[in-house]
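In what follows, a structure is listed as structure tokens, so that the remarks can point back to it.
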Amino acid sequence: MAQLVAMAQPASSGAATAPHAAHKIPAGDGPYARAKHFQLVEKDLDASIAWFWKAINTGDKSDSALKDMAVVMKQRGYLTEAIDAIKSLRHLCPKQSQESLDNILLDLYKASGRTKEEIELLKQKLRKIYLGETFHGKTTKRARSHGRKIHVSVSQETSRVLGNLAWAYMQQRNFMAAEVVYRKAQMIDPDANKACNLALCLIEQSSLADAELVLADVLSGRDQARDQQDGKIVRKVEELLARIMAQTSPGGGGAADGRREDKDDDRWVEDDMLALLEVAVPVKEWAPPYRKSNRRLPVFEEISLIYREQMAC
């Protein structure tokens, strides 16, 4: 980092600012303004990192500087340094910036292959939703999607985070864990993309008949596509069905339809799944007033009971 700081020089006054970037550069000549100038005008990312670092240390828009610095570090491939910076400096940022810092941290974990830490952070996000800290007792919150401001419900956000958690388990090839989490996400707010991923988890476990049922629901329109073109979903379904046919055809090498026995997966079900049930968010939206309590809502007891009965069978 000292090398980066040494590279920081005052911004050139002769550089022309592109019209689309001008409104993103704050007025003045402080460290944060200089950092944005190097980032957007000079295109000197290393120098911008150094100036973002100075902005954080001097308290010049520390929260924005930390987020921007982490994003630029990711662009430059300094993934570990970006993760360390967020972890060590986030205490300087206000409470309302912590969620966006978590989102940047998740992107960094994913990009660097640190799946275990990604999973732990996703579980923390679920617990915050459950405790009402994310929505502050309300049923919706404002968010950004593709540059647009939208309103996201508790169910939508919960299902999205669960989908990300399931995908992370898939990267670990823990398909039993991913299946359980995808099913929970589909219970809360179903969509076609997560349904296809659920089918893939089932295929990987040789539960081919179950996978076909899931894909049939997608083709029937039961699971709506979210931010996806229908054609893309159909192609994905066709690819998965072709894989099922290849495994079930004579000489295809497919295993008998059923769950594979795996002691590691069984241990996950006993320990981690029960912990996940503690942080899962109820299917129905709750309403204000928000009360911070460790007592679980009735629907959590119902989900836990159903899951335990399924495991006993």
Side-chain angles (χ1 to χ4, degrees), residues 1-122 124-125 142-150 160-161 164 167-168 171 227:
M1 187 57 68
Q3 293 178 343
L4 293 176
V5 174
M7 291 177 355
Q9 298 295 332
S12 172
S13 58
T17 304
H20 68 278
H23 72 281
K24 298 181 181 179
I25 301 176
D29 197 37
Y32 184 70
R34 286 173 177 260
K36 295 301 288 184
H37 182 87
F38 274 112
Q39 178 192 6
L40 301 174
V41 180
E42 301 288 342
K43 306 296 183 183
D44 187 341
L45 299 185
D46 284 340
S48 74
I49 291 171
W51 280 105
F52 280 133
W53 189 264
K54 285 187 176 183
I56 295 168
N57 287 332
T58 59
D60 183 12
K61 301 183 185 298
S62 297
D63 54 338
S64 297
L66 178 56
K67 288 183 279 189
D68 288 343
M69 184 176 74
V71 170
V72 174
M73 281 180 158
K74 181 185 175 185
Q75 289 179 275
R76 291 290 289 117
Y78 306 143
L79 300 178
T80 301
E81 292 83 353
I83 291 170
D84 291 343
I86 290 179
K87 286 184 173 181
S88 61
L89 298 171
R90 65 184 308 166
H91 68 279
L92 300 174
C93 303
K95 187 175 181 180
Q96 58 266 30
S97 297
Q98 298 302 317
E99 184 179 356
S100 54
L101 286 170
D102 281 342
N103 292 335
I104 295 172
L105 202 52
L106 284 171
D107 286 339
L108 291 166
Y109 284 149
K110 186 179 296 184
S112 56
R114 294 166 66 164
T115 309
K116 184 177 180 181
E117 290 163 285
E118 180 186 356
I119 287 172
E120 290 305 313
L121 184 51
L122 287 167
Q124 289 179 30
K125 288 178 73 69
R142 297 184 69 181
R144 282 188 174 274
S145 177
H146 305 294
R148 296 184 299 107
K149 290 184 179 180
I150 60 173
R160 185 188 69 82
V161 176
N164 291 339
W167 180 257
Q171 305 317 298
D227 298 325

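Below, each value reflects all heavy atoms present in this structure, side chains not excepted, and no hydrogens, waters or symmetry copies.
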Fill in: Expected output: side-chain Arg90 to main-chain Leu101 donor-acceptor under 3.5 Å
no

Fill in: Approximate separation, where rounding is to 0.5 Å, of Leu121 CG and Ile119 CD1
11.0 Å

Practice prompt. Over 60° means perpendicular and under 30° means parallel, so classify the ring planes of Phe38 and Trp51, tilted if in between.
Written response: parallel

Worksheet entry | Residue pair Thr80, Ser112: steps toward the side-chain contact (heavy atoms from CB on, under 4.5 Å) verdict | CA-CA 8 Å; Thr80 301; Ser112 56; 5.8 Å; no

Worksheet item: Which heavy-atom pair separates Tyr32 from Pro26 by the least distance, and what is that distance?
Response: CD2-CG, 3.5 Å

Worksheet item: Is any side-chain N of the basic residue among Arg34 and Asp29 closer than 4.0 Å to the acidic one's carboxylate O?
Response: yes

Worksheet, complete the sentence: In this structure, CG of Asp68 is separated from CD1 of Ile104 (nearest 0.5 Å) by 8.0 Å

Item to complete: Run the numbers on Ile25 and Val41 for side-chain contact (heavy atoms from CB on, under 4.5 Å), then give the verdict.
Response: CA-CA 9 Å; Ile25 301 176; Val41 180; 3.5 Å; yes

Worksheet entry | Rounded distance [0.5 Å steps], CE in Met69 versus CG in Leu89 | 6.0 Å

Fill in: Derivation of the side-chain contact (heavy atoms from CB on, under 4.5 Å) call for Val72 and Phe52
CA-CA 10 Å; Val72 174; Phe52 280 133; 4.0 Å; yes

Response to the item:
The reported gap from CZ in Arg76 to CD1 in Ile49 (rounded to nearest 0.5 angstrom) is 6.5 Å

Worksheet entry | Polar side chain donor-acceptor pair, Tyr78 to Asp84, under 3.5 angstrom | no

Worksheet item: Is a side-chain donor or acceptor of Ser64 paired with a backbone partner of Lys61 at a separation under 3.5 angstrom?
Response: no

Practice prompt. Using atom types as modelled and distance alone, determine if a side-chain donor or acceptor of Glu120 lies under 3.5 Å from a backbone N or O of Lys116.
Written response: no

Worksheet item: From Lys87 NZ over to Leu105 CG, what is the distance, rounded to the nearest 0.5 angstrom?
Response: 6.5 Å

Worksheet item: What is the minimum heavy-atom distance between Ala82 and Met73, and which atoms define it?
Response: CA-SD, 3.5 Å

Discussion item. Main chain of Lys36, side chain of Glu42: is a donor-acceptor contact present, judged purely on distance under 3.5 Å?
Written reply: no

Fill in: Contact summary for Ser62 and Ile56, nearest pair of heavy atoms
OG-O, 3.5 Å

Practice prompt. Apply the test side chain to side chain donor-acceptor pair (under 3.5 Å) to residues Lys125 and Asn103: give CA-CA distance (whole Å), side-chain angles for both, the deciding distance (0.1 Å), then the verdict.
Written response: CA-CA 10 Å; Lys125 288 178 73 69; Asn103 292 335; 3.0 Å; yes

Worksheet entry | Heavy-atom closest pair, residues Ser100 and Ser97 | OG-O, 2.9 Å

Discussion item. I need the minimum non-hydrogen distance between Asp60 and Ala65, along with the two atoms involved.
Written reply: O-CB, 4.3 Å

Fill in: Test item: Gln98 side-chain N/O and Cys93 main-chain N/O as donor-acceptor pair under 3.5 Å
yes

Item to complete: Would you sort out whether Lys110 and Leu106 count as a side-chain contact (heavy atoms from CB on, under 4.5 Å), showing the intermediate values?
Response: CA-CA 6 Å; Lys110 186 179 296 184; Leu106 284 171; over 6 Å; no

Fill in: Taking every non-hydrogen atom, the tightest pair across Ile86 and Ala70
CD1-CB, 3.7 Å

Worksheet item: If you measure from NZ on Lys43 to OG on Ser48, what distance do you get to the nearest 0.5 Å?
Response: 10.5 Å

